[in-house]
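Here is the structure we will look at.
Throughout, a chain's letter reflects where its sequence line sits, starting with A, and its residues are numbered from 1.
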Protein chains: 4
Amino acid sequence: MTSAAVKPGRPRSERARQAVLKAAAELLVDGGMAAVTMEAVAARAGVSKVTVYKWWPSRGAVAVDAYCDHYRQTIVFEDTGDVAQDLQRQMKVMLRAFSGRAGAIMAELIGQAQSDPGLRETLRERWISPRREATLLVLHRAIERGQLRGDLDLEAFMDELYAPLYFRLMLQHQPLDQQLPATLVAQALAGARR
Amino acid sequence: MTSAAVKPGRPRSERARQAVLKAAAELLVDGGMAAVTMEAVAARAGVSKVTVYKWWPSRGAVAVDAYCDHYRQTIVFEDTGDVAQDLQRQMKVMLRAFSGRAGAIMAELIGQAQSDPGLRETLRERWISPRREATLLVLHRAIERGQLRGDLDLEAFMDELYAPLYFRLMLQHQPLDQQLPATLVAQALAGARR
Amino acid sequence: MTSAAVKPGRPRSERARQAVLKAAAELLVDGGMAAVTMEAVAARAGVSKVTVYKWWPSRGAVAVDAYCDHYRQTIVFEDTGDVAQDLQRQMKVMLRAFSGRAGAIMAELIGQAQSDPGLRETLRERWISPRREATLLVLHRAIERGQLRGDLDLEAFMDELYAPLYFRLMLQHQPLDQQLPATLVAQALAGARR
Amino acid sequence: MTSAAVKPGRPRSERARQAVLKAAAELLVDGGMAAVTMEAVAARAGVSKVTVYKWWPSRGAVAVDAYCDHYRQTIVFEDTGDVAQDLQRQMKVMLRAFSGRAGAIMAELIGQAQSDPGLRETLRERWISPRREATLLVLHRAIERGQLRGDLDLEAFMDELYAPLYFRLMLQHQPLDQQLPATLVAQALAGARR
DNA sequence: AAGTAATCGAGACGGTACGTCCGGTCTTCCT
DNA sequence: AGGAAGACCGGACGTACCGTCTCGATTACTT
């Protein structure tokens, strides 16, 4: 009846969880994914390997968790009244972050996820989805205001805007310069206005 | 005139090169990147590990080389006279390929490249650049014909078209369905026509 | 009193230790030192290489350990009352052993120790020293009985007796025949009696 | 008639032979046997590996050859008229040499020979035998002069004198100090005089 | 002068073992 | 029931030498 069925035995150590995330974040920042081995994380956190395995299925999972915990930068969307403005500002924030350490690490995380389906799932849930949902709000708002056509394929539209950033981040065939958001927004919106 | 500078010593074994690429391609196809270990490649090719290391710096490099060798599908661009047609057809060919084994492997290759700058370089040179250059030809042709504005940022434009495919391939937040090319081309061209 | 300082963690596997020694001894007997590679020992013992490295620093160390374990022939010294008899009998036992497989292996072990100081140390502690100490007892007993002069340099004396056996074993310039002990004892004792 | 049957083809390069011996000796002196790899010798000599293999069967063979070439110290036996004097002086010369680099290397050579019968053979021929024969001369001379008994087992006698030096060199259970020759000669001769 | 034959340099090759690293799993005791 | 400690098996890493092999280039003696 009582939902919170009190579990027997020693409860999970919150201290251990924090220590693991902290250790992983540090390793991640100055050594990239390569440095985030279960061995190293456990050692640095002063925790046994088994404990890490108990709560995270793989080193990738620890890394994503630590990353999201460490870079939990607010997904700021101001409402300027102009959808172009809103999108452009948000993209600039993201681009600025991706120009630094956070970008290199995100690239490695997505990279790692390509050979670990579970990690891809986690990455989507913890990083991608929240951002896309926030963007969707902006776009719906713009449609209501009549700034955008109502028949747009919003998923494809968002990909046109954001995928180039991730693509350049990962392939580095072109630089991630500051006017890129403006260009992308301009070109994408040109055919999307009502 | 150009004396072919005959190098001393035993010449490189073409047989070994072929065997390695073949072995790597096979391993890649039925096992993904995880199966492409230097050890396995060498064993399967009937070649010593040292020989592999001699000509390829890393397992990633072997894999990319083998991939490009194996999937050297022609980058077909018909000239239909209509830029939208041309782009859409090419994208469909690519999308079809990426829906199968080749897509999963490409995702892993890009993934691997995130923790190996040399590999990223190779991937750009061997896979990305040739395709972008072919696309550039199409776009320039369209501009000359007056189908596209002349002041477009072509690099950004190409990213708007192709990055979504790679992005969906890697994140799998949305399916790679067959009408995606049409949608992307339509939305992107809407604001790009003269 | 001395609390046996219970160490934390999983205790060392006695099973693994035995298996390694057994495997090494077998390899040693039918293949000599050349067959005792860390790889082969580990494989034959059904143990991981790391485990072997954990407890033995080198293949030489494993070999010596296995040798002493395998050929832990009693260092029998009967007390016949006559020092010449005692020495001669002991030397004959040793010579008989060295005429077979054990001799060839011991030669290889000493050989290996020439390029591995740690191994030389081990060899001295595990093989040479116990035998020399047993011999010292016999000599001291003889001195007390008045069978030998008290001012002998016992270390040099023991070398005169035993070094020729090892020397012939290693150089094979002369055979290790059964009357050698008698000759050596006779000549050495001739000038050593009181 | 002319014994030196002139062989066709390019004659062996004396330059290469010298270069190999020189290179091997240098490597031997500052790096021991471990440094004398076929690879290193060839590289240092500016000679191809095949050339080395052509004239020496193994690295051990090169090393012994280089050693004997480098340390071709005269086997001096003065004839003082007293056999004890003669032996002791010769042993002191040898002991002095063995206290330095030459000793360590000789130990390694004998060590190496334990797993290479061909090398043992070479070592005997090039190093041991000449010295034993010179010693035999001294002993025969002493017998003629009536300083030694005629029924001695000379081979065993020589072993009693010299084996301890090699034994201590290799096992290092006791130091190779300067008064050792005197002790050995005294004890050995005590029972060997007429 | 042309032919023959052995040698030489360079260096690629298949192979074996090295010593290390990490991933996961296990066993033991402590809390 | 956790958790810390740490030993364990397995697999791959990248490297070092081994001994063999193909090359083209030399260097003599033989016709």
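Residue B/Arg10 places no side-chain atom within donor-acceptor reach of the base of E/dC13, judged by atom type and a 3.5 Å distance cut-off alone. Judged by atom type and distance alone, D/Lys49 does not reach the base of E/dG11 through any side-chain donor-acceptor pair under 3.5 Å.
Residue order along DNA chain F, read from the 5' end via each residue's closest nucleotide, puts D/Ala40 first among D/Ala40 and B/Pro8. For the pair C/Ala45 and B/Met38, both in contact range of DNA chain F, the more 5′-proximal nearest nucleotide belongs to C/Ala45. For the pair D/Val47 and B/Ala16, nearest-nucleotide mapping onto DNA chain E gives the more 5' position to D/Val47. Positionally, the nearest nucleotide of DNA chain E for A/Ser58 lies more toward the 5' end than for the other of A/Ser58 and C/Pro11.
Taking atom CD of residue C/Glu39 and atom P of nucleotide F/dC13, one finds them 14 Å apart after rounding to whole Å. Atom CZ of C/Arg59 and atom C1' of E/dT16 are 12 Å apart (whole Å). Nucleotide E/dC30 holds its P atom 14 Å from the NZ atom of C/Lys7, rounded to whole Å. Here the C1' atom of nucleotide E/dC26 and the CZ atom of C/Arg12 are 17 Å apart, to the nearest Å. Distance, A/Arg44 CZ to F/dA4 P: 17 Å, rounded to whole Å. The CH2 atom of D/Trp56 sits 14 Å away from the C1' atom of E/dT7 (whole-angstrom rounding). Rounding to whole angstrom units, OH of residue D/Tyr53 and P of E/dG9 are separated by 15 Å. If you take CG of C/Leu27 and P of E/dT16, they are 16 Å apart, rounded to a whole angstrom.
A side-chain donor-acceptor contact under 3.5 Å links C/Glu14 and C/Gln18.
Side-chain atoms of D/Trp56 and D/Val20, non-hydrogen and from C-beta on, do get closer than 4.5 Å to each other.
Within the 4.0 Å cut-off from OP1 or OP2 of E/dC13, not a single side-chain nitrogen or oxygen of B/Arg17 is found. Look at C/Arg15 and you won't find any side-chain N or O under 4.0 angstrom from OP1 or OP2 of E/dC26. At F/dC8, none of the side-chain N or O atoms of C/Ser48 fall inside 4.0 Å of OP1 or OP2 (strictly under the cut-off). C/Trp55 has a side-chain polar atom (N or O) that falls below the 4.0 Å cut-off from OP1 or OP2 of F/dC8.
Relative to the ring axis of D/Trp55, D/Arg15 does not place its NZ or CZ within 45° and under 6.0 Å from the centre.
Across all strands, D/Thr37 comes closer than 4.0 Å only to sugar-phosphate atoms, never to a base (heavy-atom distances).
Ion pairing between a basic and an acidic side chain is recognised when a charged N comes within 4.0 Å of a carboxylate O; D/Arg101 and D/Asp30 show no such pairing. Look at C/Asp69 and C/Lys22 and you find no salt bridge, because none of the NZ, NE, NH1 or NH2 atoms lies under 4.0 Å from a carboxylate O.
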